Amino acid sequence: MTTFASSHVPVSHVDPFGLDILENPLPFQADLRDAGPVVYLDRYDVFAMGRYEQVHAALTDWQGFQSAAGVGLSNFRYEKPWRPPSLLLEADPPYHDAPRAVLSKILGPRALQKLRASWLADAEALVDQVLEAGTEFDAVTRLAAAFPLRVFPDAVGIHETGRENLLPYGDHLFNAFGPVNSLVEKGAPRVAELSAWVNAQCTREALSEEGFGAQIWAAADRGDITYEQAPLIVRSLLSAGVDTTVNGLAAVLYAFAGHPDQWERLRANPMLARTAFDEAVRWESPVQTFFRTTTRDIEVGGVLIPDGRKILMFLGAANRDPRRWENPDTFDVHRDPSGHVGFGMGIHQCVGQHVARLESEALLTALVTRVETVEPAGPAQRHLNNTLRSWKSVPVRVISN
Ligand code: 8QM
């Protein structure tokens with residue numbers, strides 16, 4: 001991070017998708033922030049932003065930094081996407097508006113009130129089951145993955161059969177936002193099979209009569225979206241709704257396992273569950289990065305980014321930028337994490353964030369009334385992904401009431 005091109009943009013030769021960096025991206029992200037507001041990554045011929053101020057500004061400027069050219073490395077202006085583009089993630093106004101409005105309503109706080117009681121009960125049943133089986137367990141498989149898989153596919157209204165495909169599909173999808181490296185190659189053999197299964201779940205006939213999926217199709221009946229759009233919007237739920245929440249829950253459980261004082265605070269005030277989850281999303285940033293594409297020549301922090309160029313937005317780096325956050329590396333449930341960009345910012349900000357928060361509230365609430373202390377029971381193991389900050393395993397030991 002020491003050489004400078006003629007336009008005074010700092011250049012980095014580091015591969016942010018290298019397995020060594022993905023294992024622990026924090027030192028590289030600090031270098032990136034310190035190098036300047038915009039850095040050129042010569043390995044991929046793209047620009048990058050790691051500071052909160054510029055990441056936030058770019059995310060809220062959808063006119064200047066579009067999503068419709070794809071939010072991965074691949075530039076849809078020149079390359080064919082590996083799947084039909086998402087009507088939400090990979091679209092901008094005006095095309096983005098109707099799908100977004102429909103989904104915002106279906107996944108909004110008011111609509112979710114109907115699920116609240118049953119999700120709280122499901123979380124209690126799951127936690128009871130896990131605690132009865134023993135005091136040492138893997139918080140990822142037994143809780144962070146088990147809970148979303150227990151409640152979310154039912155809420156969408158898909159069949160029982162094939163649900164084991166959801167996590168591998170998501171894993172590949174999130175890898176595919178990065179370069180074609182070993183992680184993408186590892187997923188490639190199953191892409192056709194997994195995509196075919198996911199797409200088959202999105203038809204009206206495959207979905208239960210109630211649920212988010214049916215409500216999307218009902219929006220087509222009303223003319224709020226077209227019938228052609230409905231299955232792709234269902235696909236967005238199945239794409240973005242599982243791996244993200246699994247890793248968000250894994251993040252908050254890992255955070256508490258390593259911070260017994262913070263667990264004490266949560267036990268003293270269970271109402272902190274929601275803030276604690278957002279703090280974990282800030283601290284860990286389950287979605288680490290997304291690209292945008294410039295729609296014109298844009299100057300950022302004294303650097304001219306030409307039209308049509310990819311910029312890698314480091315949500316994770318922005319969420320730990322000391323220019324914005326006090327003690328950014330500290331997980332602190334008493335901090336105000338609002339304004340973090342872990343759910344993005346602006347018109348594309350996570351439409352499912354209320355679902356994620358409800359899942360975490362249900363799980364943490366069930367845990368906090370039953371578990372006095374939680375501590376690591378062995379080394380946690382990362383699962384590497386080009387976009388997600390993910391855990392394979394977080395062994396914990398608990399003392400329950
Ligand atoms: C990431 O398919 C989609 O619409 C979609 C896929 C992935 C995400 C969002 C939307 C951000 C969580």
Side-chain angles (χ1 to χ4, degrees), residues 55 59 62 65-74 76 81-93 95-104 106-107 148 152-153 156 158 165-178 184 187 191 194-195 197-199 201-202 212-213 216 219 225 228-251 281 284-292 312-316 318-319 340-357 359-360 385-390:
V55 168
L59 289 175
W62 60 267
F65 297 89
Q66 65 169 180
S67 291
V71 299
L73 177 61
S74 172
F76 296 176
W82 71 275
R83 60 172 202 167
S86 164
L87 302 180
L88 290 133
L89 184 73
E90 296 155 333
D92 291 303
Y95 307 105
H96 173 261
D97 298 342
R100 172 77 190 200
V102 163
L103 208 49
S104 301
I106 293 169
L107 303 179
F152 187 73
V156 176
I158 64 169
N165 292 326
L166 286 167
L167 286 172
Y169 179 79
D171 189 47
H172 182 73
L173 168 70
F174 284 97
N175 276 327
F177 293 122
V184 172
V191 175
L194 293 171
S195 301
W197 178 81
V198 165
N199 293 338
Q201 309 316 306
C202 299
F212 302 147
I216 290 168
I225 50 169
E228 289 70 40
Q229 289 176 315
L232 272 176
I233 301 172
V234 179
R235 192 193 69 178
S236 284
L237 293 181
L238 301 179
S239 299
V242 190
D243 297 65
T244 49
T245 52
V246 167
N247 288 300
L249 294 173
V281 171
E284 181 83 340
S285 302
V287 175
Q288 284 275 298
T289 48
F290 265 128
F291 289 85
R292 290 290 190 264
L312 184 49
M313 309 277 168
F314 281 84
L315 310 180
N319 281 340
H340 74 73
V341 291
F343 287 125
M345 198 50 77
I347 65 162
H348 290 284
Q349 193 183 38
C350 181
V351 74
Q353 60 184 285
H354 308 289
V355 178
R357 291 206 184 94
E359 286 182 17
S360 75
N385 182 283
N386 281 335
T387 303
L388 297 170
R389 189 99 173 104
S390 179

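Counting convention: from 1, in listed order, for ligands and their atoms alike. These figures come from a predicted structure and were not determined experimentally.
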ask   = If you count the atoms of ligand 1 from 1 in the order shown, which ones are under 4.0 Å from a heavy atom of F290?
value = 1 (C), 11 (C)
ask   = Would you say L173 and R83 make side-chain contact, with heavy atoms under 4.5 Å?
value = yes
message = Taking L167's backbone N and O only, do any of them form a donor-acceptor pair with D171's side chain (distance below 3.5 Å, no angle check)?
response = no
ask   = Should the proximity of R83 to ligand 1, defined as any heavy atom under 4.0 Å, be assigned to the side chain, the backbone, both, or neither?
value = side chain
key: Part of S86 with heavy atoms under 4.0 Å of ligand 1, whether side chain, backbone, both or neither   = side chain
query = Quick one: do the N319 and S285 side chains pair a donor with an acceptor below 3.5 Å?
reply = yes
message = At less than 4.0 angstrom from any non-hydrogen atom of F174, what atoms of ligand 1 do you find?
response = 1 (C), 7 (C), 12 (C)
inquiry  = Using heavy-atom distances only, which candidate in S236, G344, P99 approaches atom 3 (C) of ligand 1 most closely?
reply    = S236
query = Is the count of non-hydrogen atoms from other residues, nucleotides or ligands lying under 6.0 Å from F76 atom CZ greater than 12?
reply = yes
query = Do F177 and F290 make the cut of ring centroids closer than 6.0 angstrom?
reply = yes
ask   = Can you list the ligand 1 atoms lying under 4.0 Å from a non-hydrogen atom of A240?
value = 5 (C), 6 (C), 7 (C), 8 (C), 9 (C), 10 (C)
query = Given R100 and I347, is the side chain to side chain contact (heavy atoms under 4.5 Å, CB included) satisfied, shown in steps?
reply = CA-CA 9 Å; R100 172 77 190 200; I347 65 162; over 6 Å; no
key: Atom indices of ligand 1, in the order listed, that fall short of 4.0 Å to a heavy atom of T244   = 12 (C)
request  = Mark up the atoms of ligand 1 that fall under 4.0 Å of a heavy atom belonging to S239, in ascending order.
outcome  = 2 (O), 6 (C)
